[in-house]
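Report on one structure; see the data block that follows.
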Amino acid sequence: MKYNHLEVEPKWQKRWEEKGCFHAEENSQKEKFYALIEFPYPSGQGLHVGHPRPYTALDIVSRKKRLQGYNVLYPIGWDAFGLPTENYAIKNHIHPEEVTKKNVARFKKQIQSLGISFDWSREINTTDPDYYKWTQWIFLQLFKKGLAYKKEMAVNWCTSCKCVLANEEVINGQCERCGSEVIRKVKSQWMLKITEYADRLISDLDLVDYPPRVKAQQKNWIGKSTGAEVDFKTTEGDILTVYTTRCDTLFGATYMVISPEHQCIEKWQDKIANIEEVRAYQTEAAKKSDFERTELAKEKTGVRIDGVMAINPVNGKEIPIFVSDYVLVSYGTGAIMAVPAHDTRDWEFAKKFNLPIIEVVKGGEDVQKEAFTDCATGVMVNSDFITGLSVEDAKVKMIEWLTEKGVGRAKTNYKLRDWVFSRQRYWGEPIPIVHCDKCGYVPIPESELPLKLPMVDSYEPTDTGESPLSKMTDWVETTCPHCGGKAHRETDTMPQWAGSSWYFLRYMDPHNNDALASKEALNYWSPVDWYNGGMEHTTLHLLYSRFWHKFLYDIGVVPTPEPYAKRTSHGMILGENGEKMSKSRGNVVNPDEIVEQYGADTMRLYEMFIGDFEKAAPWKAESIKGCRRFLERYYNLQTKLIDGEEIRKELETSFHKTIKKVGEDIENIKFNTAIAALMALMNDIANVGNINKAEYRVFSILLNPFAPHITEEVWCEAKLGEGMIVDNSWPQYDESKCKADEIEIAVQVNGKIKAKLMVPAEAGQTEAISLAKSDGNVQKAINGMNIIKEIYVKGRLVNIVVKP
RNA sequence: GCUGGUGUGGUGGAAUAGGCAGACACAAGGGACUUAAAAUCCCUCGGACUAAUAAUCCGUACCGGUUCAAGUCCGGUCACCAGCACCA
């Protein structure tokens, strides 16, 4: 029998869609299950074999959950705004909307050829005005709550994209997308106050089931630290405030450092004796990008400010102030107190500038030779009223003292910055705000949403850095919704992250015109039960969408504080050479070819069998055959089909064991071993020589989530049961039948294997050991020795410990 | 440097919670079928010593430890991957 996937697969895909087999039910009494994959960006290159890995994985989960009686929502859509499309449009003089339409059509066709059980009736597209209406609506709510604000600030400017980038999008001083140099530029930007949610974004990680590495990365990114602010008086009579996590070391502060951008330099310019030198240093620092500053900072540089000194509040000592670029203006207060004895960076700097190093924490080596930074074991010395305390106690005491004297306070800081939300590009959601000279920034009325992206002739970014929209005077000039006077529209658009920050909510009720989703739908479907995505999105997308969701929770729109109950991450599929697949490396594999040659089922099976789902794995064209062979053996079982409505005794254990294993492995994202178990069961069946209807039925259902087309075909051809497999239910296993009556155990003497023998599965210690001792090899090994100990692990082994 | 992770045959990878290392595949070799090839089926397949699928020894990056028993636990070292990187 020949299996023709080219004919069979499209047939079933069509039938499923016609019958709406995978459409999530509305108003269902069933228990819900919401599975979510990161919706793709429809790029011009089409799908590569990496895309289907997560889709297939959650497809397996979804299909199994449906068979188990759940009302499953497994949707897909398109995250279609974004720069590559816009750049392509510019280059080829086609409207981005056209480009998007074309790319979506291609992606859709490719994905549908894989037989993923997406609910296509809920397909969404972030560039659809009916969709971005609600993206804009959320922005307006943020604005109304004061969480969206405009700020003049130095931004990351990509010289090639001519566009502002979020800190998160700058990799080693280069644009994440195009790799061009990123420089600093001062611009007025829309910002979102994600920092207001920093604490909850950390603490609510306790509510969700994410892999530890994902949680760790999120915490790391937010970078919470607790410490204190300390006010230093200066000889100018003003105050220089620093942030420190080590206020216990205040007695060891021998100098201060401010960042080159610190405002005090302007304030003190008339008093600074060496102002030229300081200015020159500032200029040097400004020339460097952030990347260079950190990169070149192997050797510390700086300039001492002559003419102004700071006064240490704990002992009244005058200490010098330096300007150095190892202090960042954007973190803490942009100024630090330097304690060279107990901070590595301060120590390096002190050595270079020959500054005093005073030990205030005892427990390390000579602080003149190396900084002692351990907080756990140290004891305070040379520190007046905190001498003798542990570091932790000293911190507490010091904060009390500072607070009492009014020269300091406890303070928490975060590395996380507010989210730069403006983009000076065309292909994004317009920001629904107008600026009126009289009223300032005014939101447009919600009734006017969506604010549609106007058609323009040219999407080229302007050299001034304004959005292409700024050239559209008709669109820009408008009236103020507040006073009716002349006003102009915001011409910046939103970043690509906007549409993807809430898309999972829209799937719950994708065609609603009155709300982003109905209350009923939100209450029924929230939260997402299982969200799978790439590690590359753990710090950006995941954090942004959790932030938006928390905001929506606060204003009563969504019912849960966290959007995703469970998150898993898939490993990348690498090229044959073990490198990341990319066009430039020429190692990209197109799934179309695999589907054509071997069929979607084989492709799915191979992608799941390739290795641990959470780890990267190299693609091996040679290995795919094994999966195809397995499916053919399954298909050809039809020629060995016999009657029988019950699983036969000789296959009972194999079947029950496999039902258990496959079910558990799917839940634990161990698809590779689930498939291995099915292959092993196939081998058991081959040994028996034939298969009966009951057995074939169970095998088909177990295999169905992995290889849905061929199993439906066999089900139908061999008349295994009613309707389609998708109308049936997942088989049950009987725990007592998962183990054979007799099992093989190993017999060791002193931990070395001497024999293997069959014993009753339920054998007790005495029985097993006496059986073990009856073995010839074992007898030889223990003969004439004293038995010290006898160990029996049920169903596993016997170990006899002997001594001469 | 910090955080998280990984290291097992020729290859991809298995191994419950400390209990038979190498499941399941791929490749390779041998055989059957065939005029032949492909496909299919059967056998072998970590290494050493072997006539042997007898026995023995070695073997999960490296060194040491705990244990009747270690890929798994503990201490140290090395390598690689990812993220962060002067965050006071």
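Side chains are part of it too, since the values below use all heavy atoms of this structure and drop only hydrogens, waters and symmetry mates.
- Taking 4.5 Å as the limit, every side-chain heavy atom of A:Glu576 sits out of range of all side-chain heavy atoms of A:Asn587.
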Between the protein and nucleotides 22-30 of chain B, which nitrogen or oxygen pairs are less than 3.5 angstrom apart?
residue	atom	partner	partner atom	Å
B:A25	OP1	A:Asn683	ND2	3.1
B:C26	OP1	A:Arg629	NH1	2.5
B:A27	OP1	A:Lys625	NZ	3.2

Report, one pair per line, the protein and nucleotides 49-55 of chain B atoms (nitrogen or oxygen only) whose separation is under 3.5 Å.
none

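- The backbone N or O of A:Gly751 sits less than 3.5 Å from a side-chain atom of A:Asn799, completing a donor-acceptor pair.
- With a cut-off of 3.5 Å on both pairing distances, the Watson-Crick or G-U wobble partner of B:U6 is B:A79.
- Annotation: side chain of A:Lys411 is in contact with side chain of A:Tyr243 (closest heavy-atom distance under 4.5 Å).
- In terms of phosphate contacts, A:Thr538 brings no side-chain nitrogen or oxygen within less than 4.0 Å of OP1 or OP2 of B:G83.
- A 3.5 Å limit on both hydrogen-bonding distances identifies no Watson-Crick or G-U partner for B:U34.
- Under the side chain to side chain contact (heavy atoms under 4.5 Å, CB included) criterion, A:Glu744 pairs with A:Lys756, A:Met758, sequence neighbours left out.
- Between A:Met256 and A:Val242 there is a side-chain heavy-atom pair separated by less than 4.5 Å.
- In this structure, the CD1 atom of A:Ile222 is 14 Å from the P atom of B:C84, given to the nearest Å.
- Nucleic acid contact for A:Ser225: sugar-phosphate only, since backbone atoms but no base atoms lie under 4.0 Å from a heavy atom of the residue.
- Listed by chain and residue number, A:Tyr606 satisfy the ring pair (Phe, Tyr, Trp, His ring centres under 6.0 Å) test with A:Trp619 (two or more places apart in sequence, or in another chain).
- The gap from the C1' atom of B:U34 to that of B:A27 amounts to 24 Å, rounded to the nearest Å.
- Taking atom C1' in both B:C33 and B:A39, one finds a spacing of 11 Å when rounded to whole Å.
- If you check every strand for non-hydrogen atoms under 4.0 Å, A:Lys620 touches sugar and phosphate atoms only.
- The shortest side-chain heavy-atom distance between A:His570 and A:Lys615 does not fall under the 4.5 Å cut-off.
- Closest to the A:Asn220 side chain, of the nucleotides B:C20, B:A88, B:U3, is B:U3.
- Using a 4.0 Å heavy-atom cutoff across all strands shown, A:Ala616 reaches sugar-phosphate atoms only and no base atom.
- Within 4.0 Å (heavy atoms only), A:Glu632 reaches no atom of the nucleic acid at all.
- The distance from atom CG of A:Leu797 to atom C1' of B:A21 is 13 Å, rounded to the nearest whole Å.
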Provide a list of protein-nucleic acid N or O atom pairs under 3.5 angstrom, restricted to nucleotides 68-73 of chain B.
residue	atom	partner	partner atom	Å
B:C68	O2'	A:Asn799	ND2	3.4
B:C68	O2	A:Asn799	ND2	2.7

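- Taking A:Phe349 as the reference, A:Tyr255, A:Phe322, A:Tyr326, A:Phe353 meet the ring pair (Phe, Tyr, Trp, His ring centres under 6.0 Å) condition, with sequence neighbours excluded.
- Rounded to a whole angstrom, the distance from the C1' atom of B:U66 to that of B:G76 is 15 Å.
- For the P atoms, the distance from B:G71 to B:G4 is 26 Å, rounded to whole Å.
- Contacts of A:Lys752 with the nucleic acid, taken as non-hydrogen atoms under 4.0 Å apart, involve only primed sugar atoms and P, OP1 or OP2.
- Across B:U44 and B:G9, the matching C1' atoms stand 15 Å from one another, rounded to whole Å.
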Kindly determine whether A:Tyr634 and A:Phe699 satisfy side chain to side chain contact (heavy atoms under 4.5 Å, CB included), including the steps that lead there. CA-CA 9 Å; A:Tyr634 160 76; A:Phe699 198 99; 3.5 Å; yes
